[in-house]
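Some notes on the structure that comes next.
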Amino acid sequence: MSSSRRQYPFHLIEPKWQKTWDEQQAFRAFNPGEEVPASHPFGVRHGLSGKVAATQLPPKYYILDMFPYPSGAGLHVGHPEGYTATDILARYRRTCGFNVLHPMGWDSFGLPAEQYAVKTGQHPRVTTEANIANFTRQIKSLGFSYDWSRELATTDVEYFKWTQWIFLKLYNSYFDPEWKKAAPIEFLQDALSDNPNLKNMWESNSYLVNTNKLWNEAKPEVRDEFRSIVIERARLAYVSEAPVNWCPELGTVLANEEVIDGKSEVGGFPVIRKPMRQWMLRITAYAEKLLADLDTIDWSDSLKEMQRNWIGRSEGAEVDFKVADSNEMIRVFTTRPDTLFGATYMVLAPEHRLVDEIVTEEQSIAVENYREHTARKSDIERTELAKEKSGVFTGAYAINPVNGEQIPIWIADYVLASYGTGAIMAVPAHDTRDFEFAQKFNLPVIQVVQPSEAKAEWQGFTDDGTAVNSGFLNGLPTTESKCKITAWLEEKGLGKKTINYKLRDWLFSRQRYWGEPFPIVWKKGPSGQPPYHEALPESSLPLLPPTLEDYKPTAGGEPPLARAKDWMNEIPGATRETNTMPQWAGSCWYYLRYTDVKNAQSFVGKDADNYWMASNGKAAGVDLYVGGTEHAVLHLLYARFWHKVLFDLGYVATPEPFYKLVNQGLILGEDGQKMSKSRGNVVNPDDVLVDYGADAFRLYEMFMGPLQDTKPWNTKGVEGVYRFLGRTWRLFVDEKSETAFEQAEALATEAQSHRELLDLILLDGGITDIAATLAQLKALHACIKKVTEDLDGMRFNTAISAMMVFINEAMTWQNKPVTVMKPFLQLLAPFAPHIAEELWARLHGTFGQATTSLAYAPWPKFDAALLVESEIEIPVQVNGKFRDVIKVAVEADNATIEAAAKAAEKAQPFLVGKTIKKVIIVPKKMVNLIAG
RNA sequence: GCGCGCGUGGUGGAAUGGCAGACACGCCAGACUUAGGAUCUGGUUCCGCAAGGAUUGGAGGUUCAAGUCCUCUCGCGCGCACCA
């Protein structure tokens with residue numbers, strides 16, 4: 001392809017306009033309080049110059065891409081899909097008069113750069129900077145209208161300083177159960193002190209008042225311990241010793257969300273459970289809000305569903321079972337308290353703390369073996385063996401509180417320690433898992449629910465029905481019997497209604513070098529006491545990672561930061577935390593920083609936040625966020641969580657960060673397979689750009705199909721839109737001058753400027769300022785209407801098709817009125833901005849008007865009156881089948897239409913010998929003659 | 001297994017319940033041409049010379065009218081997966 005003649009000189013046009021935009025800072029977005037230069041096209045459009053207040057600025061539109069991890073491999077064609085869509089909309093909104101914020105940056109902490117450092121010793125920062133430079137070059141070559149003055153990288157010191165600052169806010173906050181929001185930990189500390197001095201702030205809060213009461217009642221010698229336990233259990237960032245997902249291959253722990261089928265999401269390496277001291281974030285405190293607020297935002301149903309599933313709310317009851325011949329109680333969680341009469345045994349998770357207490361002498365060896373066996377099993381093995389149930393009897397019995405019957409207590413790994421209470425009552429008749437287990441171990445099965453269809457099998461019936469064999473519940477439908485039994489349990493003090501979530505707290509520390517260090521130190525406790533952690537003051541930020549020679553974990557399995565002894569022990573009497581934050585930390589709030597990227601006093605200024613993020617009509621936060629589905633539960637849940645904490649603490653103005661979110665679909669290789677290096681089907685944008693240019697590339701990415709769909713790449717398809725741009729070009733320029741240009745270019749010296757060469761190309765003589773014909777105006781206005789509506793609905797493919805229709809028609813015109821051709825360029829501009837700017841400049845050059853900036857020229861409006869036809873075609877059906885088309889005046893009444901339809905030539909053969917019984921007329925749409 | 005989404009020409013895809021297949025790729029024919037892998041013109045769902053008939057994964061249903069709405073079914077994709 002590169003050997004054949006170019007359709008038009010995109011290789012000169014594209015760099016020319018990219019340079020012009022850069023020099024003009026054409027896409028600078030202005031914050032309230034900023035100076036707008038009088039010459040800036042945004043200022044010209046809105047009549048603004050000098051320092052502008054928020055009230056003077058036009059309405060904002062914040063349109064955001066998920067920022068990329070700058071990998072060594074560079075951009076692939078999947079990245080620019082979303083970026084092109086957002087760029088088109090950003091450019092469109094600018095012409096509509098919005099103050100558009102459209103930024104780009106880098107999610108630049110991350111494992112690959114660190115792994116490269118381990119191998120080569122090159123500092124990750126060096127690798128990262130080189131990759132960013134390459135990504136920047138590639139992205140800029142596509143002509144996106146980003147405001148590069150707001151570029152940020154999560155690895156910038158000035159950025160991660162504030163990531164660390166937000167961590168301190170999390171550390172120094174707790175979730176107040178009464179206020180139902182995060183609050184400064186000072187309130188809790190105050191309530192846990194002898195002389196509270198913030199009491200007026202919390203005396204109406206029953207949780208804090210109660211905490212204070214407990215403090216006053218506690219014996220003085222236990223007060224210190226009491227205080228630290230209460231506070232550590234409340235902080236939003238806390239330390240846990242629980243078993244974690246340890247990935248030996250990656251040398252780090254992973255969050256639950258990063259583990260898929262027992263393997264690491266990155267690399268697919270085995271993950272094992274291992275108890276370790278880790279930092280956690282209390283995202284579970286926000287489970288309810290994260291769930292409820294999904295209803296307030298405009299995301300796809302499937303994405304919301306994924307978040308709902310991940311949060312996994314389930315309503316049920318906790319029930320206490322007394323252990324026979326013991327004072328112990330076992331608490332279970334069940335969503336089906338109505339089946340309590342059918343509980344024939346009980347199962348504890350192998351890790352349950354009561355196992356040791358209740359196990360009998362005879363069973364102790366079997367139980368111990370089983371526990372060891374499960375502990376050794378990796379998560380993969382646990383999943384793979386899921387089909388076959390296993391377990392061991394403890395020898396102990398529990399008493400069913402409703403009927404006093406003794407039921408055996410088992411342990412089995414199908415009960416998870418980390419969900420609910422880590423114990424269940426087993427109702428094999430109406431739970432698939434319990435049923436399998438009961439079959440295998442010959443445990444009794446008692447029916448307590450009758451399916452509504454009499455013939456249905458009750459064994460293994462898990463739906464709602466009617467209670468049977470259930471004493472005072474008999475005859476009640478499931479919903480009612482749930483209520484009745486729950487009330488009964490509450491009355492007797494044996495249980496209560498409970499809501500459980502699958503969502504677990506977020507494991508927030510990693511044993512890595514290339515991440516944000518925690519602003520935390522550890523201090524020795526008083527003799528005999530364990531070490532305790534302490535936050536560094538905000539004034540100590542940023543906390544930089546130390547310089548290392550070797551980036552591997554230590555031989556003793558300590559994180560790489562532990563190699564820097566001086567750094568670790570820099571503060572007298574304290575040791576630094578050597579874990580770092582996960583990559584998700586930086587991406588949790590970058591969208592906020594974009595709004596005020598240079599602010600040195602605050603992570604984001606109030607004015608900037610109020611202007612860019614505050615509600616704009618219904619919309620709150622980012623107006624449009626586009627990115628891949630791979631972030632459906634990780635980034636998007638974490639970012640919502642941080643945002644809500646910052647909102648609760650009063651640092652941001654909105655409760656949700658992203659009002660509207662769209663997932664772009666995957667682009668597959670030409671073979672219809674997922675693009676991958678190993679398949680050799682990866683398409684590199686650089687190559688496409690050399691052959692067809694950025695405008696064709698952008699156009700093709702959008703023309704392939706709906707943005708949200710998965711679709712295969714097809715280079716032939718690029719040629720199609722490329723030809724369309726060629727036709728557009730030829731419609732505007734003089735052919736002879738183009739030939740002259742080509743000859744001159746072939747002989748051109750290096751010194752000859754591209755601009756000079758391009759100036760050889762002249763505007764086509766057919767473009768004149770004569771009045772447009774009605775047909776020409778119709779073609780234009782139909783195109784304006786379609787493109788405008790499709791842009792509003794993000795239907796880029798059909799918008800492009802409408803422009804193709806226009807060009808195909810315009811090619812038949814002898815005279816091309818400038819009043820028609822100019823607005824067309826405005827429609828084309830968001831999609832193919834370089835060629836549109838070039839032709840726009842030529843039009844203005846020839847017709848002697850001052851060149852206004854295309855990027856800010858007001859979007860053309862369509863005139864509906866022009867689209868009204870005086871005569872319309874109406875399809876005629878006979879008995880529902882299409883037979884002919886009639887032409888009638890648009891204002892024709894039904895009688896006229898009916899007469900014309902009955903006379904329609906091609907309908908006659910189907911009407912012969914029949915009487916017309918009924919005529920259905922849908923005005924302006926169709927006629928249906930019912931004959932028989 | 002559960003949840004969500006999708007099935008339309010050789011291909012990517014268009015169609016507020018109202019002429020299925022816009023637009024583009026590919027293919028076929030023609031024009032210009034020393035040449036065409038440039039450009040332009042015409043054709044292109046299938047069967048049929050035609051009139052006409054069939055046709056939106058399959059089977060039913062609602063409706064004057066169904067790709068579109070409902071039920072069942074098959075196939076594909078995505079997500080979750082022992083969460084009690």
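Reminder, nothing fancy here: chain letters follow the sequence lines and each chain counts from 1. Treat the numbers as computed from the prediction; the structure is a model and nothing was measured. These numbers come from the heavy atoms of this one structure, side chains and all, not from hydrogens, waters or symmetry mates.
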Answer with base, sugar-phosphate or nothing: what part of the nucleic acid does [X] contact at a heavy-atom distance below 4.0 Å?
X       : result
V805(A) : sugar-phosphate
I930(A) : sugar-phosphate
R504(A) : base
T432(A) : nothing
N928(A) : base
K502(A) : base
F910(A) : sugar-phosphate

Taking atom [atom1] in both [N] and [M], compute the distance separating them and give it to the nearest angstrom.
N      : M      : atom1 : result
C4(B)  : G42(B) : P     : 48 Å
G17(B) : C6(B)  : P     : 14 Å
C47(B) : U11(B) : C1'   : 22 Å
G3(B)  : U8(B)  : C1'   : 26 Å
U63(B) : C70(B) : C1'   : 12 Å
G67(B) : A15(B) : C1'   : 9 Å
G57(B) : A20(B) : P     : 16 Å
U62(B) : G9(B)  : C1'   : 29 Å

Ignoring hydrogens and angles, write down the donor-acceptor pairs under 3.5 Å from the side chains of residues 914-923 of chain A, residues two or more places apart or on other chains.
{"from": "T915(A)", "atom 1": "OG1", "to": "G932(A)", "atom 2": "O", "distance (Å)": "3.3"}

Distances under 3.5 Å only, N/O to N/O: pair up the protein atoms with those of nucleotides 46-51 of chain B.
none

Next item on the list: Side chain of V922(A) only, please: which of G18(B), A84(B), C82(B) is the nearest?
Entry: G18(B)
Note to self: If you only use heavy atoms from C-beta on, which nucleotide in C25(B), C23(B), G52(B) is closest to the side chain of S801(A)?
What the structure shows: C23(B)
Think [X] forms a cation-pi with [Y], using NZ or CZ under 6.0 Å from the six-ring centre and within 45 degrees of its axis?
X       : Y       : answer
R883(A) : F910(A) : yes
R640(A) : W310(A) : no
K389(A) : Y414(A) : yes

Notebook entry, point to check: Is RNA chain B part of any stem, that is, at least 3 consecutive Watson-Crick or G-U pairs with both distances under 3.5 Å, and where?
Noted result: B:1-7 with B:74-80, B:10-12 with B:23-25, B:26-31 with B:39-44, B:45-47 with B:52-54, B:57-61 with B:69-73
Notebook entry, point to check: Got a donor-acceptor contact below 3.5 angstrom from the Q877(A) side chain to the N879(A) backbone?
Noted result: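 Here the side-chain-to-backbone pair does not exist.
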Check: Shortest non-hydrogen contact from V787(A) to A799(A)?
Finding: CG2-O, 3.8 Å
Whether the [X] and [Y] side chains hold a donor-acceptor pair (N or O, under 3.5 Å, no angle test) is what I'd like checked.
X       : Y       : answer
T421(A) : E318(A) : no
S418(A) : R504(A) : yes
E738(A) : W729(A) : yes

Over how many whole Å does the gap from [X] atom [atom1] to [N] atom [atom2] extend?
X       : N      : atom1 : atom2 : answer
D301(A) : C78(B) : CG    : P     : 20 Å
R313(A) : A84(B) : CZ    : P     : 12 Å
E630(A) : C80(B) : CD    : P     : 12 Å
I424(A) : A84(B) : CD1   : P     : 11 Å
E873(A) : G18(B) : CD    : P     : 18 Å
L503(A) : C80(B) : CG    : P     : 14 Å

Close N/O contacts between protein and nucleotides 9-17 of chain B (under 3.5 Å):
{"from": "G12(B)", "atom 1": "O2'", "to": "M704(A)", "atom 2": "O", "distance (Å)": "2.7"}
{"from": "G13(B)", "atom 1": "O3'", "to": "N797(A)", "atom 2": "ND2", "distance (Å)": "3.4"}
{"from": "A14(B)", "atom 1": "OP1", "to": "N797(A)", "atom 2": "ND2", "distance (Å)": "3.1"}
{"from": "U16(B)", "atom 1": "O4", "to": "K925(A)", "atom 2": "NZ", "distance (Å)": "3.0"}

Whether [Y] and [X] form a salt bridge (side-chain N of Lys/Arg under 4.0 Å from carboxylate O of Asp/Glu) is what I want to check.
X       : Y       : result
R730(A) : E735(A) : no
K440(A) : E388(A) : yes
K785(A) : D790(A) : no
E351(A) : R371(A) : no
K482(A) : D338(A) : no
D764(A) : K816(A) : yes

Under 3.5 Å between N/O atoms: give me all the protein pairs with nucleotides 39-43 of chain B, atom names plus distance.
{"from": "U39(B)", "atom 1": "OP1", "to": "Q7(A)", "atom 2": "NE2", "distance (Å)": "2.4"}
{"from": "U39(B)", "atom 1": "O3'", "to": "R730(A)", "atom 2": "NH2", "distance (Å)": "3.3"}

In a table with atom names and distances, give each donor-acceptor pair under 3.5 Å that connects a side chain of residues 699-706 of chain A to protein atoms at least two apart or in another chain.
{"from": "Y700(A)", "atom 1": "OH", "to": "N714(A)", "atom 2": "N", "distance (Å)": "3.1"}
{"from": "Y700(A)", "atom 1": "OH", "to": "N714(A)", "atom 2": "O", "distance (Å)": "3.3"}
{"from": "E701(A)", "atom 1": "OE1", "to": "E81(A)", "atom 2": "N", "distance (Å)": "3.2"}

